[in-house]
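Worksheet for the structure shown next.
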Amino acid sequence: MSTAHLLPAFARVDLAFDHGEGCWLTATNGERYLDFTSGVAVNALGHAHPKVADAIANQAHKAIHVSNLFRVPEQEKLADRLCAESFADYVFFANSGAEAMEGAIKAARKFHAVNGRSERYRVITFEGAFHGRTLATLAAGGNKKYLEGFGPVVEGFDQVPFGDLEAVKKAVGPETAAILIEPIQGEGGVRVPSNQFLKSLRALCDQHGLVLIFDEVQSGMGRSGELFAHQRTGVEPDVMALAKALGGGFPVGAFLTTKEVGKCMTAGTHGSTFGGNPLAMAAGNATLDVMLEPGFLDRVKRVGLLFKQRLAEIKDRYPNLIAEVRGEGLLLGLRCVVPNTQLVDALREEHLLSVGAGENVVRLVPPLIVSDEEVAQAMGMLDRACARLTQSEKPAKQGAAV
Ligand SMILES: *Cc1c(COP(=O)(O)O)cnc(C)c1O
């Protein structure tokens, strides 16, 4: 076996896993790793969670797929529950984050078109944003590295600096349809906008009749310590995209809307073959069962705070390596002094898995079920990795002085 016939689009680490349990993954060579990537914020309940695994297995024996030609009871159930827990009245199910975002953008544009303002199609987005890899979501993200070589950039996205309210105000024009922001930027480097900034965006949207879209593909589903990260802020969007942890590891995306926006997406305006299939919905319902158990989210908040405090201590101990601790709940990041890849590699050598992000950040996104003891184990690994990196820095510096 080799990667020879895989499109070389990923820079993969030469490591493969056979199975997992909870926060741990066992590699094909038998070595165990503490997984603080959660498959990039996907496996919120860890690996092989019995409730999710059973729900998927049981549903697979009943019906995997029937299509949206028919009613799908599991879909109706998950939509009811997501709406009960949020601002939303409607849910559309897709299969990934980018697809959820495409739908969210389409809904915002359609809302204006249906209300006689089809000139309003532009969306204001923020530097450092990530919204997916389709042509429109790449344009929304505005990352030049990702856009290069793929032809004309999809029209209609105006990017402004993160957190810059004056720039947002200036960007609002007669063609503006929506403002799109992640309540916590994940890929961009675990950047948390101030509550005041989100409140101001809401006010601006209300003033100009714009749609406020939150991309909670990464920050949503318990990651921040609330079911949805914006619920910490008291600001509600008109449209929200979800994916990553929504299926507890199984691919599911969704966008949620208010009645006012969602009612414009009438029969035939949007669709998906696989979206909302019974198997994905079973995974989503099982995941939500666990997340909505009394105390689950409080635990995420508590463990997240504990973890963040411990990380702050490490930062103080190794200012040569770590400049800043960022994040909320269990979406945490270390902004590094050394290249973040060095720390990710050193952590992996200690058998702790982490993932890089923008602004030279190392993301630590453990499963939400992580125990205090596993956080303590991770801290030991982090400490040893930092000590080793500090050791290996010293000879280089002496060498340079000679
Ligand atoms: C991961 C991510 C996406 C894209 O999700 P895919 O499932 O990879 O398409 C979109 N927005 C945010 C905030 C993300 O973190």
Side-chain angles (χ1 to χ4, degrees), residues 7 9-11 37-44 92-108 123 125-143 145-147 150 154 157 159 162 178-193 198 212-224 226-230 237 239-256 272 274-277 280 283-284 287 326-333 354-359 361-365 368:
L7 195 78
F10 292 105
T37 68
S38 302
V40 195
V42 167
N43 305 302
F92 180 92
F93 289 103
N95 310 286
S96 68
E99 250 185 286
M101 274 310 310
E102 286 271 337
I105 294 163
K106 283 177 72 177
V123 179
T125 67
F126 294 90
E127 286 173 12
F130 183 77
H131 300 297
R133 297 283 200 149
T134 61
L135 290 169
T137 56
L138 279 179
N143 186 329
K145 207 171 70 193
Y146 295 163
L147 284 162
F150 296 114
V154 172
F157 296 92
Q159 199 162 55
F162 187 73
I179 298 175
L180 162 60
I181 188 167
E182 295 154 84
I184 302 175
Q185 276 193 351
E187 304 298 314
V190 192
R191 292 205 291 178
V192 186
L198 294 179
L212 183 60
I213 308 173
F214 284 167
D215 180 348
E216 292 236 27
V217 167
Q218 185 155 167
S219 61
M221 300 314 293
R223 184 56 52 195
S224 72
E226 303 289 344
L227 192 58
F228 308 115
H230 72 262
V239 178
M240 169 170 75
L242 297 175
K244 290 197 164 83
L246 182 56
F250 196 86
V252 199
F255 71 90
L256 286 67
S272 168
F274 290 120
N277 66 79
T287 303
R326 295 175 168 181
E328 292 286 339
L330 287 169
L331 178 48
L332 296 172
S354 63
V355 52
E359 297 198 326
V361 163
V362 171
R363 251 179 305 175
L364 295 164
V365 278
L368 304 184

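Heavy atoms only: backbone and side chains are in, while hydrogens, waters and symmetry mates are out. For ligands, and for the atoms within them, numbers begin at 1 and follow the listed sequence.
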Review point. What's the spacing between His230 NE2 and Glu216 CD if we round to 0.5 Å?
Key: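 One finds 6.0 Å between NE2 of His230 and CD of Glu216.
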Check your understanding: Just how far is it from atom CZ of Arg223 to atom CG of Leu330, taken to the nearest 0.5 Å?
Key ->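 Arg223 atom CZ to Leu330 atom CG measures 6.0 Å (nearest 0.5 Å).
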Need the list: ligand 1 N/O atoms against protein N/O atoms, distance under 3.5 Å, rounded to one decimal.
residue	atom	partner	partner atom	Å
ligand 1	7 (O)	Gly97	N	2.8
ligand 1	9 (O)	Gly97	N	3.4
ligand 1	9 (O)	Ala98	N	2.7
ligand 1	11 (N)	Phe130	O	3.2
ligand 1	11 (N)	Asp215	OD1	3.3
ligand 1	11 (N)	Asp215	OD2	2.7
ligand 1	15 (O)	Gln218	NE2	2.8
ligand 1	15 (O)	Lys244	NZ	2.7

Review point. Taking only residues two or more places apart in sequence or in another chain, which ones pass ring pair (Phe, Tyr, Trp, His ring centres under 6.0 Å) with Phe92?
Key: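 Once residues adjacent in sequence are excluded, the partners of Phe92 under the ring pair (Phe, Tyr, Trp, His ring centres under 6.0 Å) criterion are Phe255, His270.
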Check your understanding: Between Ala245 and Met221, what is the shortest heavy-atom contact and its length?
Key ->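 For Ala245 versus Met221, the nearest heavy atoms are CB-CB, 3.8 Å.
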Practice item. Identify, with sequence neighbours excluded, every residue that meets side chain to side chain donor-acceptor pair (under 3.5 Å) alongside Glu226. Key: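 So Glu226 forms a side chain to side chain donor-acceptor pair (under 3.5 Å) with Lys301.
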Review point. Looking at residues at least two apart in the chain, or sitting in another chain, which of them share a side chain to side chain contact (heavy atoms under 4.5 Å, CB included) with Phe274?
Key: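 Residues passing side chain to side chain contact (heavy atoms under 4.5 Å, CB included) with Phe274: His65, Asn95, Asn277.
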